[in-house]
Amino acid sequence: MKLYEFQGKNLFAKYQIPIPKGKVALTIDEARGIIKGSILPVVVKAQVLIGGRGKAGGVKLVKTMEDVEPVLNSIFGLNIKGYTVNKVLIEEGMNIEKEIYLSFMMNRNNEKITLITSSEGGVEIENVAKNNPDAILKLNIDPLVGLRSFHYMRFFEHLGIRDKTLKYQFIHVLNNMYKMFNELSLGLIEINPLVIVSGNRLIALDSKVVIDDNAVPFLKDMDHIKNYDDMTEDEVNAKSSGLSFVQLDGNIGCIVNGAGLAMATMDMIKFFGGEPANFLDVGGSSNPNKVISALKIITKDPNVKVILFNIFGGITRCDDIANGIKMALEKLDISLPIIIRLTGTNEKEGVRIIDSLGLDSTTSMQDAVKKAVSMVGE
Amino acid sequence: MKLYEFQGKNLFAKYQIPIPKGKVALTIDEARGIIKGSILPVVVKAQVLIGGRGKAGGVKLVKTMEDVEPVLNSIFGLNIKGYTVNKVLIEEGMNIEKEIYLSFMMNRNNEKITLITSSEGGVEIENVAKNNPDAILKLNIDPLVGLRSFHYMRFFEHLGIRDKTLKYQFIHVLNNMYKMFNELSLGLIEINPLVIVSGNRLIALDSKVVIDDNAVPFLKDMDHIKNYDDMTEDEVNAKSSGLSFVQLDGNIGCIVNGAGLAMATMDMIKFFGGEPANFLDVGGSSNPNKVISALKIITKDPNVKVILFNIFGGITRCDDIANGIKMALEKLDISLPIIIRLTGTNEKEGVRIIDSLGLDSTTSMQDAVKKAVSMVGE
Amino acid sequence: MAILLHKNTNVIVQGITGRDGSFHTRSMLDYGTNIVGGITPGKGGLSVEGKPVFNSVHNAKKELLVDATIIFVPPKFAVDAVWEAIEEEVKLIVIITEGLPALEMMKIKNYTKGKDINIIGPNCPGLITPGEAKMGILPGSIFKKGNIGVISRSGTLTYEVVYSLTNGGFGQSTVIGIGGDPIIGSRFIELLRLFKEDNETQGVVLIGEIGGNDELVAGEYIKNELGKPVVAFIAGKTAPKGKKMGHAGAIISGKGETAQSKTEFLENLGIKVANLPQEIPEFLKNEINN
Amino acid sequence: MAILLHKNTNVIVQGITGRDGSFHTRSMLDYGTNIVGGITPGKGGLSVEGKPVFNSVHNAKKELLVDATIIFVPPKFAVDAVWEAIEEEVKLIVIITEGLPALEMMKIKNYTKGKDINIIGPNCPGLITPGEAKMGILPGSIFKKGNIGVISRSGTLTYEVVYSLTNGGFGQSTVIGIGGDPIIGSRFIELLRLFKEDNETQGVVLIGEIGGNDELVAGEYIKNELGKPVVAFIAGKTAPKGKKMGHAGAIISGKGETAQSKTEFLENLGIKVANLPQEIPEFLKNEINN
């Protein structure tokens with residue numbers, strides 16, 4: 001689960017990671033009021049769950065009161081890669097001496113918590129990795145061992161930090177970031193840039209915090225922070241119905257049991273010249289209501305020209321799926337053609353139900369996919 | 001480092017382990033004042049760094065004001081296994097429903113933190129182990145894994161605890177004891193008895209806390225708790241001079257470099273019919289001042305009839321030791337005979353110095369020990 | 001020989017009295033798995049499908065030989081269940097449960113690295129040695145004893161592939177679903193090492209997907225050390241970047257994590273990658289005959 | 001062959017610029033130890049006895065082959081130094097430092113259990129393979145190449161025994177002081193396992209003391225598995241109960257931990273226990289000739 005910059009910073013404050021003074025505004029009026037009460041300059045920052053807002057015009061400086069209206073008008077309602085800006089963070093301006101990149105991430109490839117730092121802060125780390133890889137240091141931390149003095153040593157060595165006060169501050173920030181990472185089961189905690197301001201003080205100018213979705217149910221007192229703002233309405237609905245759903249832009253709606261098989265189905269559609277409209281995994285259980293929810297979501301998409309079921313019964317029973325289709329056809333007004341592949345557990349019973357609905361079914365994934373592709377091609 | 005009961009209980013309070021209301025008194029007057037201000041009955045408990053005070057008359061109940069003087073007079077100044085009582089803990093009386101033994105200890109034999117519990121609380125665990133071993137449960141906890149639900153399960157199963165409130169309280173106490181064990185690097189945390197009082201509440205009626213000596217220098221804000229009350233004055237002096245010293249009751253004073261060799265020297269004295277007066281390890285460094293300190297401590301013991309040096313030079317240089325002896329003979333008034341075994345690093349130089357003092361030396365441990373034994377035998 | 005699981009492996013079920021636990025205990029017993037008992041804290045003394053239930057793995061081990069455990073307990077208790085099995089020195093731990101925090105799995109993984117413990121999962125369908133035993137939720141009927149090892153990050157896609165294999169005349173030595181989470185007990189490479197040593201396994205099918213670098217690490221091992229033919233399949237060529245495709249671990253976070261780049265990487269190493277699951281038996285035939 | 005340490009073992013010194021570190025670096029080099037460099041954080045770029053100093057083990061490993069490390073850093077930094085060496089996959093770690101908290105050592109021990117890492121110490125004199133190399137503070141001159149392995153919880157008592165051995169005609173394969181702390185990296189049994197596999201070692205001298213049960217565990221192993229003659233010596237017959245005799249681990253906390261009961265236990269297993277260090281060569285002669 002991604003957090004907004006301001007949510008991440010609220011947590012930083014809780015973990016004693018220094019942040020600039022700032023306030024969130026949900027409307028232009030609110031924002032105007034905050035700016036009027038502040039010492040200029042202030043920075044107005046669009047709050048969206050996607051990177052690259054700077055380039056998109058989502059971060060602007062207000063130097064004088066004349067800047068206020070044009071800045072607020074340009075940011076509120078701005079569309080950044082599909083996300084509409086409906087809240088901003090207004091922060092005090094800073095005299096920056098140096099910008100650093102600093103993050104801890106869950107590294108699935110070596111099962112360590114990887115500390116990443118770069119002397120080139122304020123730019124995307126991927127670009128630094130491409131253009132100046134030597135600027136980047138990666139330290140792999142075993143969570144059973146923890147962050148220790150030899151990590152600090154390598155960190156300071158890489159960044160060329162010798163000042164003692166600054167070292168203490170970095171250790172403070174590193175320890176608290178690491179603590180936050182562990183206590184909140186994060187996937188990522190990123191400060192970019194972490195800035196050094198006058199007096200050798202450190203301040204986290206930005207925040208990117210991602211909580212491991214599996215850990216979210218276990219976190220206490222974090223309900224206020226939960227958001228699904230990076231999911232579409234359909235994706236949220238699917239999630240609440242126990243489905244995994246991702247919107248794509250093709251025209252063959254897919255309903256599959258199992259994530260791997262669902263991806264393989266999409267891939268096969270593409271292989272035979274079609275375009276999948278979505279990823280949809282009805283999961284392992286056989287609740288017919290899931291089929292109804294799945295059909296509801298898919299038929300909302302005006303692009304969809306044909307619906308393809310691909311069911312390999314294991315835990316999922318074919319007759320349950322067939323019954324789900326039957327119930328859906330009774331309840332919903334579905335005029336789209338439906339292609340059904342059914343095999344595995346209770347295949348015969350399932351096929352019999354499908355037959356009774358006057359629909360065809362096949363046991364071959366390849367046949368079903370080819371048929372779906374040929375139908376939209378007509 | 002052993003803590004007094006009241007010190008352990010102060011830490012319990014900090015770690016939210018419930019304890020009875022109580023106060024410490026250093027004099028009879030103070031104790032009398034506390035009792036007058038309390039609701040009777042109260043318990044008066046001698047504070048000494050040794051077990052078995054109950055049997056020795058160090059724990060008494062004050063039911064009425066008539067009890068006060070006899071109880072205080074009998075406890076203050078009481079000698080319990082060589083420790084004189086000069087402070088008492090005065091605690092509220094309790095209506096006990098059940099007594100349990102509970103401890104966590106550093107288990108050197110399997111490198112785990114061992115949780116020990118017994119349904120027979122209030123008696124020494126060694127006696128339970130002997131008379132009713134089935135009453136005892138031992139759970140070995142890997143510090144990297146921590147105390148977890150399966151430990152609770154086995155704990156409750158063993159003690160036959162089914163009441164939910166009680167379970168929560170036990171989990172609370174277990175977790176906090178375990179936390180204290182880890183945060184303070186303990187060797188032992190023992191509550192005996194941990195009592196269940198009316199309303200299914202748990203209270204720690206006693207405390208025994210031992211901090212790992214190696215961890216003491218690393219503990220913050222714990223200076224007030226440091227005590228050397230379980231060491232003799234000589235042992236404390238030796239420690240502050242960088243020596244390891246243990247008083248024994250023989251008559252051959254030993255000065256040896258290395259703990260293992262020092263024990264082997266004592267053993268050899270005994271083997272040849274003598275009695276060692278002490279264990280003394282001057283350690284690995286060769287500071288002549290250590291030899292002076294060592295001789296000071298040993299010559300204070302009126303039992304000592306002969307002084308035996310056993311030095312196997314490695315890091316310790318024989319000439320440094322010899323110089324130490326020379327300086328000591330100049331500074332101190334030593335009339336006791338001195339037997340010297342010197343071998344190893346800079347042996348020749350050392351022997352030359354000893355010769356110059358008009359003393360004998362040998363390179364054989366066995367010869368030196370035999371000579372010392374024969375001298376006291378005369 | 002097959003790997004990890006055999007007819008005589010003594011298996012316990014952690015969470016045996018739960019809905020899933022009891023259902024699959026029946027199904028595993030039917031398949032021939034040597035289930036000797038189960039664990040549900042607080043339900044010790046009951047029995048499920050004639051097998052004794054204990055309060056703890058410790059208690060079970062006092063009365064039974066235990067070689068392996070399969071964990072069906074809900075995510076809230078699953079982490080402790082895994083640690084319990086580790087502490088009681090159970091050598092094979094299969095975690096079916098979905099929803100374990102990755103950080104907890106990371107600790108478990110680092111603790112057991114280099115130690116004599118195999119963990120499969122979490123969020124996996126389990127494993128099966130056809131004709132001998134299964135630990136998991138895989139539908140036994142589609143498997144057939146034979147000489148192909150299968151390792152997969154997926155569930156039903158594995159069934160699809162195994163179905164093709166069986167129909168194409170290839171039985172399986174052991175089939176393992178390693179789970180869809182980013183941090184898992186055994187990755188491809190760890191199981192390839194076991195298949196290398198297994199005389200019964202003549203070839204391996206590797207079913208990967210988007211996310212992570214397991215397929216790449218496996219590819220290097222296959223090229224340099226395995227010494228047995230392999231056919232791979234990588235799901236997710238049409239998956240968009242940055243979106244979780246059902247599995248917590250099926251997400252493209254960087255360039256090397258797409259199905260295309262994984263396919264290319266493997267093909268550059270000389271490893272055959274099928275475009276369709278149904279092509280796998282044909283590819284395998286060619287590889288084995290080469 | 002000897003065990004653990006050889007002429008070609010590439011050794012680094014953690015804490016090489018310190019008083020003890022630099023002094024013993026000289027002494028180890030003089031003995032022939034293949035010291036390739038040292039570590040002191042913040043002193044990278046210096047050199048000690050002609051050997052390069054690095055800020056971290058990581059940096060050293062970028063330029064050097066590192067098989068083993070010896071740690072001389074003060075207790076405050078020693079725990080991190082050990083973890084650093086573990087994280088950098090150094091296979092032999094010798095901790096000379098005295099004063100490491102037992103709980104920290106306990107974590108290190110549990111972490112490395114079953115993994116391919118040998119830790120000696122803390123609070124130990126180190127180890128020596130006579131005629132080849134030494135890692136530690138042992139006085140090289142008293143040792144002689146030969147066929148007796150020595151494992152000891154003590155320092156100078158080891159020298160006493162080795163001196164007797166050498167004078168009695170017994171050279172040593174490898175001599176290891178395992179340290180006087182209650183929680184140590186390698187206990188008797190772990191090193192006995194290595195001596196068992198070492199062709200050069202024909203017999204073992206085991207120098208124990210009061211406290212703990214290491215001698216008892218070792219005794220069972222000697223009787224049942226070692227297959228080589230052993231002579232033991234147990235120090236502390238005159239030590240009182242409950243008092244620390246110099247070593248943090250030399251304290252009698254229970255019945256089985258006295259020198260008498262350990263001696264009895266070993267003798268009951270048929271293991272010869274010497275009363276005097278000087279008897280050991282004689283006993284050994286008898287054992288080997290039997």
Side-chain angles (χ1 to χ4, degrees), chain B residues 106-109 111-113 126 142-145 181-182 185-187 212-218 230 235 244-248 250 256-272 275-276 279-281 283-284 310-316 343-345 364-366 369, chain D residues 20 24 75-76 98-107 109-111 113 123 125 137-139 141-142 152-160 163 180-183 207 209-214 217 233-240 243-250 253-254 259 275-278:
Chain B
M106 175 85 54
N107 190 336
R108 60 189 289 176
N109 292 335
E111 290 114 354
K112 298 283 192 280
I113 298 170
E126 289 82 1
D142 183 329
L144 295 175
V145 175
F181 188 98
N182 278 277
S185 271
L186 302 184
D212 171 17
D213 287 332
N214 281 357
V216 171
F218 300 104
D230 60 339
E235 286 170 6
S244 287
F245 173 79
V246 175
Q247 182 69 62
L248 300 171
V256 188
N257 68 322
L261 189 60
M263 279 190 276
T265 307
M266 288 157 48
D267 294 353
M268 196 184 279
I269 289 169
K270 183 90 179 178
F271 183 82
F272 288 118
E275 290 290 344
F279 166 93
L280 195 154
D281 170 15
N310 183 11
I311 304 298
F312 199 115
I315 306 311
T316 311
T343 194
T345 312
S364 156
M365 174 173 172
Q366 214 156 312
V369 169
Chain D
D20 291 349
H24 292 292
K76 195 180 167 186
E98 180 176 357
L100 273 74
L103 186 62
E104 299 301 324
M105 253 333 275
M106 195 187 254
K107 287 179 195 163
K109 184 75 192 270
N110 281 292
Y111 188 82
K113 238 174 223 178
N123 188 16
I137 61 175
L138 314 98
S141 57
I142 59 168
S152 171
R153 286 173 64 186
S154 177
T156 43
L157 178 55
T158 313
Y159 314 158
E160 186 77 47
Y163 189 65
D181 276 4
I183 311 276
I207 306 168
E209 62 188 28
I210 54 168
N213 73 348
D214 283 15
V217 176
F233 177 83
I234 312 285
K237 290 195 177 67
T238 46
K243 284 279 185 185
K244 233 167 250 180
M245 304 305 276
H247 293 155
S253 306
N275 274 309
L276 303 173
Q278 292 74 15

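Throughout, protein chains are lettered first and strands after them, A, B, ... in sequence-line order, and every chain is numbered starting at 1. Because the structure is a prediction, the values reported are computed rather than measured.
K237(D) touches chain B through backbone and side chain together, each having a heavy atom under 4.5 Å away. Both the backbone and the side chain of F181(B) come within less than 4.5 Å of a heavy atom of chain D. The parts of Y111(D) that come within reach of chain B are both its backbone and its side chain, each placing non-hydrogen atoms under 4.5 angstrom from that chain. Heavy atoms closer than 4.5 Å to chain B are found in the side chain of I142(D), but not in its backbone. Contacts between F312(B) and chain D at a heavy-atom distance below 4.5 Å involve backbone atoms as well as side-chain atoms. The contact between N182(B) and chain D is made by backbone and side chain atoms together, counting heavy-atom distances below 4.5 Å. Only the side chain of T343(B) comes within contact range of chain D, with heavy atoms under 4.5 Å apart. Using a 4.5 Å cut-off between heavy atoms, L138(D) does not touch chain B at all. Proximity to chain D (any heavy atom under 4.5 Å) is shown, for I113(B), by both the backbone and the side chain.
Side-chain atoms of T156(D) come within 3.5 Å of backbone atoms of N257(B) as a donor-acceptor pair (strictly under, hydrogens ignored). With hydrogens and angles ignored, the 3.5 Å screen pairs a side-chain donor or acceptor of N109(B) with a backbone N or O of N213(D). For D267(B) (side chain) and G236(D) (main-chain N/O), a donor-acceptor pair under 3.5 Å exists by modelled atom type.
Between K244(D) and D213(B) there is a salt bridge, since at least one side-chain N of the basic residue sits less than 4.0 Å from a carboxylate O of the acidic one.
When the candidates A102(D), G254(D), P240(D) are compared by the number of heavy-atom contacts under 4.5 Å with chain B, A102(D) comes out ahead. Heavy-atom pairs under 4.5 Å with chain D peak, among E111(B), M268(B), E235(B), M106(B), at E111(B). Most heavy-atom pairs under 4.5 Å with chain B, from the set M105(D), R153(D), K113(D): that is K113(D). Per-residue counts of heavy-atom pairs under 4.5 Å with chain D were compared for K112(B), K270(B), E275(B); the largest is that of K112(B). Heavy-atom pairs under 4.5 Å with chain B were tallied for P139(D), G99(D), S154(D); the largest tally goes to G99(D). By number of non-hydrogen pairs under 4.5 angstrom with chain D, the leading residue of N310(B), N214(B), V369(B), T265(B) is N214(B). The candidate with the highest count of non-hydrogen atom pairs below 4.5 Å against chain B, out of E160(D), K109(D), H24(D), E104(D), is E160(D).
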Side chain to side chain contact (heavy atoms under 4.5 Å, CB included), that's the test. Do I210(D) and M263(B) meet it? Break it down for me. CA-CA 9 Å; I210(D) 54 168; M263(B) 279 190 276; 4.0 Å; yes
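The two residues N110(D) and P143(B) have their closest heavy-atom pair at ND2-CD, 3.6 Å. What you find for A259(B) and G246(D) is that their closest heavy atoms are CB-CA, 3.8 Å. Contact detail for N107(B) and I183(D): the closest heavy-atom pair is O-CD1, 4.2 Å.
Taken to the nearest 0.5 Å, the OG atom of S244(B) stands 11.5 Å off from the NZ atom of K243(D). Here the straight-line distance linking atom CG of D281(B) with atom NE2 of H247(D) works out to 7.0 Å at 0.5 Å rounding. The CG atom of L103(D) sits 12.5 Å away from atom CZ of F218(B), with the distance rounded to the nearest 0.5 Å.
In this structure, M245(D) and M266(B) have side chains that are in contact, with non-hydrogen atoms separated by less than 4.5 Å.
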